Amino acid sequence: MKTYGIVAEFNPFHNGHEYLIEQGKKDGAEKTVCVMSGNFVQRGEPAVCSKWRRAEMALKCGSDLVLELPVSWAVSSAERFAYGAVSLLNSMGCVDKLLFGCENADADSLFSAASLSLSEEYSGALKKFLSEGLSFPSAREKAVLSLSDKRTAEILKTPNNILAVEYCKAILRLNSSMEPFCVNRTGVGHDSENLSEAFASASAIRKMLGSDFEKSADFMPKKAFELLKKANDEGRVLKNLKKLDLPLISMLRRADANEISLVPDVSEGLEYKIKEAAKTGTSFGEIADLIKSKRYTHSRLRRILLLFYLGIYSEDLIESPPHIRVLGFNSKGRELLAQMKKTASLPVIMRYNDIGKLSGQCKSVFDTESRAVDMYNTLFDDIRPCGENMTHNPVILTE
């Protein structure tokens with residue numbers, strides 16, 4: 001039985017995600033497992049709806065098992081995001097192929113770029129160009145061009161290709177037996193606001209939610225939209241980031257620069273720039289705008305600010321997730337979980353009680369996730385009490 005793995009955010013689940021899963025099944029996938037970001041995502045924002053709702057979307061639209069990528073990997077650079085997710089799939093011990101969409105569906109080229117990115121020569125060249133004040137994307141392009149050709153550099157210019165290369169890097173670093181299966185991205189580009197007949201980027205769909213909610217149904221599988229609409233009717237869809245503005249700015253204005261400096265990726269005096277921006281900035285986005293520079297992109301700054309908000313510091317980070325957290329499964333997923341009892345190299349977490357039997361590292365990661373869920377639940381008009389991450393059971397589809 002071939003099992004394919006997918007790394008995604010499903011923020012929200014749309015037609016492009018369904019297409020990707022279908023392509024895997026056409027290639028021979030008999031079971032599909034997804035590693036999904038929790039309530040906060042890689043672009044440095046809260047998700048539009050809870051991880052359990054999004055896991056249910058995935059299960060009703062072709063996935064068999066949904067696992068959680070813990071927050072300190074989910075809200076991180078493409079490299080750490082990809083490595084954390086791929087390490088979880090690899091730790092299952094039963095995933096045959098890693099399935100992903102990209103702008104260049106050429107596994108050999110992606111692996112070539114990945115190998116180059118892992119070399120000492122590349123690391124040295126990247127540091128050199130960064131020290132000259134170039135932004136990370138510009139420094140990366142110059143480093144690649146100094147060691148390879150323009151074609152390889154072009155691969156690293158588009159967002160899905162960048163993630164694809166990071167997935168391939170993770171496979172190489174882990175010496176994993178998983179094979180990459182690349183699918184050409186169809187419809188519209190990542191973060192594009194353009195719409196095609198059936199496809200829209202997750203970014204475009206999120207913008208629709210605040211202006212024309214029903215329009216998003218055109219770009220989502222029916223079952224996924226029904227779940228999103230149900231969440232909206234319950235007041236559990238975040239249509240913008242305004243609810244984050246007040247708590248974040250309050251925390252930044254109260255904090256001293258030393259506390260901000262403890263956040264991952266804060267260096268070169270960035271903590272002082274953040275403090276200054278918080279004095280005049282009146283929104284999450286405006287603070288990032290005030291600090292944005294060649295060196296610090298808007299998305300990188302959003303991640304830094306969000307990690308501060310969540311209380312995640314550099315000293316908390318470990319290389320890879322220490323356990324496998326199950327968010328949901330169907331009958332095929334149940335079979336995978338049974339198989340994992342023999343093949344998995346990490347403990348599998350179904351409920352909070354499972355944590356008590358594990359190492360302190362597992363509990364620390366789980367506690368950080370629980371705090372993130374509690375803080376996420378303050379961003380709605382109907383604030384929920386603490387503890388949902390400890391009491392919410394996995395989504396189980398029996399049909």
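Positions are given from 1 along the sequence. Bear in mind that the values here come from a model prediction, so they are computed numbers and not experimental data.
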Can we say [X] and [Y] salt-bridge, meaning some charged N sits less than 4.0 Å from an Asp/Glu carboxylate O?
X: D27; Y: K97; result: yes
X: R371; Y: D367; result: no
X: R384; Y: D374; result: no
X: E276; Y: K273; result: no
X: R295; Y: E268; result: yes
X: K25; Y: E22; result: no
X: D265; Y: R300; result: yes
X: K275; Y: E271; result: no

With side-chain hydrogen bond (donor to acceptor under 3.5 Å, both in side chains) as the test, would you mind laying out the steps for Y313 and E259 before giving the verdict?
CA-CA 9 Å; Y313 302 112; E259 183 182 353; 3.2 Å; yes
Quick one about [Y] and [X] (side-chain donor to acceptor, distance below 3.5 Å, no hydrogens or angles considered), yes or no?
X: Q339; Y: T343; value: no
X: E369; Y: N389; value: no
X: S50; Y: R236; value: no
X: R206; Y: S201; value: no

Have a look at C49 and tell me which of K230, E56, E234, R54 forms a side-chain contact (heavy atoms from CB on, under 4.5 Å) with it.
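So, applying the side-chain contact (heavy atoms from CB on, under 4.5 Å) to C49 and each of K230, E56, E234, R54, only R54 qualifies.
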Using a 4.5 Å cut-off on heavy atoms from C-beta on, say whether the side chain of [Y] contacts that of [X].
X: P264; Y: I304; value: no
X: H17; Y: P221; value: no
X: E166; Y: K169; value: yes

Where do S138 and S135 land on the side-chain hydrogen bond (donor to acceptor under 3.5 Å, both in side chains) test, with the steps shown first?
CA-CA 5 Å; S138 297; S135 67; 3.1 Å; yes
Would the number of heavy atoms belonging to other residues, nucleotides or ligands and lying under 6.0 Å from NZ of K239 be above 12?
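Enclosed: over 12 neighbouring heavy atoms sit under 6.0 Å from NZ of K239.
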State plainly whether one hydrophobic cluster holds both L346 and I318, where clusters connect Ile, Leu, Val, Met, Phe, Trp and Tyr through side-chain heavy atoms under 4.5 angstrom apart.
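Yes, L346 and I318 fall within the same hydrophobic cluster.
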Please tell me whether F199 and M220 are part of a single hydrophobic cluster in this structure, the criterion being side-chain heavy atoms less than 4.5 Å apart.
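Shared cluster, yes.
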Looking only at non-hydrogen atoms, find the nearest pair between L147 and L116 and report the distance.
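Looking at all heavy atoms of both residues, the shortest contact is CB-CD1, 3.9 Å.
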If you take all heavy atoms of G84 and S87, which pair is closest and at what distance?
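Answer, listing the atom of G84 first, then S87: O-OG, 2.7 Å.
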Do the ring planes of Y376 and F40 sit parallel (below 30°), tilted (30 to 60°) or perpendicular (above 60°)?
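Perpendicular, since the angle between the ring planes exceeds 60°.
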Does the pair S359 and H323 meet the rule for a side chain to side chain contact (heavy atoms under 4.5 Å, CB included), with working shown?
CA-CA 10 Å; S359 70; H323 59 251; over 6 Å; no
Examine R173 relative to Y83 and say whether NZ or CZ is less than 6.0 Å from the centre of the six-membered ring and inside a 45° cone about the ring axis.
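Positive - R173 is close enough to the ring of Y83 and near enough to its axis.
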Using a 3.5 Å distance criterion without hydrogens, assess whether the side chain of E103 forms a donor-acceptor pair with backbone atoms of N161.
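Answer holds: yes.
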